[in-house]
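Chain identifiers are assigned alphabetically (A, B, ...) following the order of the sequence lines, protein sequences preceding nucleic acid strands; residue numbering begins at 1 within each chain.
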Amino acid sequence: MGGWAIAVHGGAGVDPNLPPERQEQAKQLLNRCLNLGISALRSNFSAIDVVELVVRELETDPLFNSGRGSALTTKGTVEMEASIMDGPKRRCGAVSGLTTVKNPISLARLVMEKSPHSYIAFSGAEEFAKEQGVELVENEYFVTEENLGMLKLAKEANTILFDYRIPTVGLESCSVGAAAMDNPLLMNGLPIRVYAPE
Amino acid sequence: TVGCVVVDREGRCAAATSTGGLMNKMSGRIGDSPLIGAGTYACELCGVSCTGEGEAIIRGTLARDVAAVMEYKGLELQEAVDFVIKERLDEGKAGLIAVSNKGEVAFGFNCNGMFRGCATEDGFMEVAIW
């Protein structure tokens, strides 16, 4: 049997021009979360408790796309989702469409432990949150100025921003334009060919 | 999207993922993070949390596949992560972190970067982006 191990992530697909100070901020948050998890593991916390503890910290900090600092819907609101899974008995809990729950990961855990289901979403999840007495906040709490700016950018580009390889039709080589023209159908704001295998 | 995977001293694995989804997404859109087996999975062998293009992660059942190739192909953790990132994503861009019940930690991604950090009891610790 090996010792304990922990890993955290804050998202994939990074802006290639991310300013150094933002990179440093991200590393500091990742370090803080790692150390939070390490001290819990050294105090013999169980794995399921540690993953919830660390993700709560990441949801509370606005730097990454979760909890406060979440990406915005096309309406400029926040709809959050989360899931948690405990290896030994493969127990799991998941939530989607949350708009007022401060820490979605803790509600996902309550779904796993206090409900007969594995996944509860939208209004049902909000009702369950009220029943369970988890901390609720206004949707505005999750919205940051930076993300309002990002949403404006995404709307102007008529696309969704999840990484930086989104083909910009017309501006680049005509092959990209041509390909897009061949198949102008868009899905989620992207040329359908991105989803071709589908 | 944020995530954490842990194996504790008893060899128990767990995984957790949380997200706001995609900027400018349609209201009601559900991504990979809450889907067990896609964005998040944990069993006796390992714990996995994914991030990136949700639609590609869902279609590839990415998190479960790491456990499956360990179980059925006998791959070690990092081999399993590399295999899944290379073979299961089609054109999608994504990344994942994973731990095994042997106290190993691994990660993989096929995009330009992933915010990540990992540590093990024998003193290894790394925080990186690119």
Side chain B/Lys93, main chain B/Glu53, donor-acceptor under 3.5 Å
no
Which residues, numbered in order, of residues 65-80 of chain B come under 4.5 angstrom of chain A by heavy-atom distance?
none
Top residue by heavy-atom pair count (under 4.5 Å) with chain A, among B/Gly31, B/Gly95, B/Ser27?
B/Ser27
When the 4.5 angstrom heavy-atom criterion is applied to B/Cys50 and chain A, the contacting part is backbone
Hydrophobic side-chain clustering at under 4.5 Å (ILVMFWY, transitive links): who's grouped with A/Leu36? Put none if nobody.
A/Leu53
Sort by residue number and list every member of residues 130-148 of chain A having a non-hydrogen atom under 4.5 Å from chain B.
A/Asn147
Kindly give the heavy-atom pair with the smallest separation between B/Ile97 and A/Ala7, and that separation in Å.
CD1-O, 3.4 Å
What residue, out of B/Tyr41, B/Phe107, B/Phe109, has the most heavy-atom pairs lying under 4.5 Å from chain A?
B/Tyr41
If you count heavy-atom pairs under 4.5 Å with chain A, which of B/Ala106, B/Ala42, B/Ser100 comes out on top?
B/Ala42
Enumerate, atom names and distances included, each donor-acceptor pair closer than 3.5 Å involving a side-chain atom of residues 122-130 of chain B, sequence neighbours excluded.
unit_1: B/Asp122; atom_1: OD1; unit_2: B/Thr120; atom_2: OG1; d: 2.5
unit_1: B/Asp122; atom_1: OD1; unit_2: B/Phe124; atom_2: N; d: 3.4
unit_1: B/Trp130; atom_1: NE1; unit_2: A/Gln23; atom_2: OE1; d: 3.0

Give a yes or no on whether a salt bridge exists between A/Asp15 and A/Arg22, defined as a side-chain N under 4.0 angstrom from a carboxylate O.
no
Is there a path from A/Val111 to B/Ile30 through hydrophobic residues (I, L, V, M, F, W, Y) whose side chains come within less than 4.5 Å of each other?
no
Between A/Leu72, A/Asp86, A/Thr77, which shows the greatest number of heavy-atom pairs under 4.5 Å with chain B?
A/Leu72
So, A/Thr99 and A/Glu126: side-chain donor and acceptor under 3.5 Å apart, yes or no?
yes
Based on non-hydrogen pairs under 4.5 Å, which of B/Gly117, B/Gly103, B/Gly113 is most in contact with chain A?
B/Gly117
For the candidates A/Leu41, A/Val78, A/Asn103, A/Leu98, which exhibits the highest count of non-hydrogen atom pairs separated by less than 4.5 Å from chain B?
A/Leu41
Side-chain donor or acceptor of A/Asn65 paired with backbone N/O of B/Gly21 under 3.5 Å:
yes
Taking all non-hydrogen atoms of both residues, which atom of B/Pro34 and which atom of A/Ser96 are closest, and how far apart?
CG-OG, 3.3 Å
Look only at the side chain of A/Glu79 and the backbone of A/Gly97, and say whether a donor-acceptor pair between them is shorter than 3.5 Å.
no
Which portion of A/Lys75 sits near chain B, non-hydrogen atoms under 4.5 angstrom:
side chain
For A/Tyr119, I'd like to know if atom OH has over 12 heavy atoms of other residues, nucleotides or ligands within 6.0 Å.
yes
Testing the basics here: between A/Glu81 and B/Arg29, what is the closest heavy-atom pair and its distance to 0.1 Å?
OE1-O, 4.1 Å
With chain B, which of A/Arg90, A/Glu59, A/Glu52, A/Arg109 has the greatest number of heavy-atom pairs at distances under 4.5 Å?
A/Arg90
Heavy-atom closest pair, residues B/Asp32 and B/Gly52
OD1-O, 4.5 Å
Residue from B/Ile36, B/Val7, B/Val99, B/Leu45 scoring the most non-hydrogen pairs under 4.5 Å with chain A is B/Val7
What part of A/Pro104 lies closer than 4.5 angstrom to a heavy atom of chain B: side chain, backbone, both or neither?
side chain
Please rank A/Ala94, A/Gly10, A/Ser70 by heavy-atom pairs under 4.5 Å with chain B and give me the top one.
A/Gly10
Name the member of B/Val5, B/Leu35, B/Asn110 that forms the most heavy-atom pairs with chain A at distances under 4.5 Å.
B/Val5
Looking only at A/Val51, A/Thr73, A/Asp49, A/Asn31, most heavy-atom pairs under 4.5 Å shared with chain B are made by A/Val51
Salt-bridge present (B/Asp90, B/Arg59; N to O < 4.0 Å):
yes
Hey, any chance A/Val95 and A/Leu110 share a hydrophobic cluster, counting ILVMFWY side chains that come within less than 4.5 Å of each other, even indirectly?
yes
Testing the basics here: between A/Val54 and A/Val8, what is the closest heavy-atom pair and its distance to 0.1 Å?
CG1-CG1, 3.5 Å
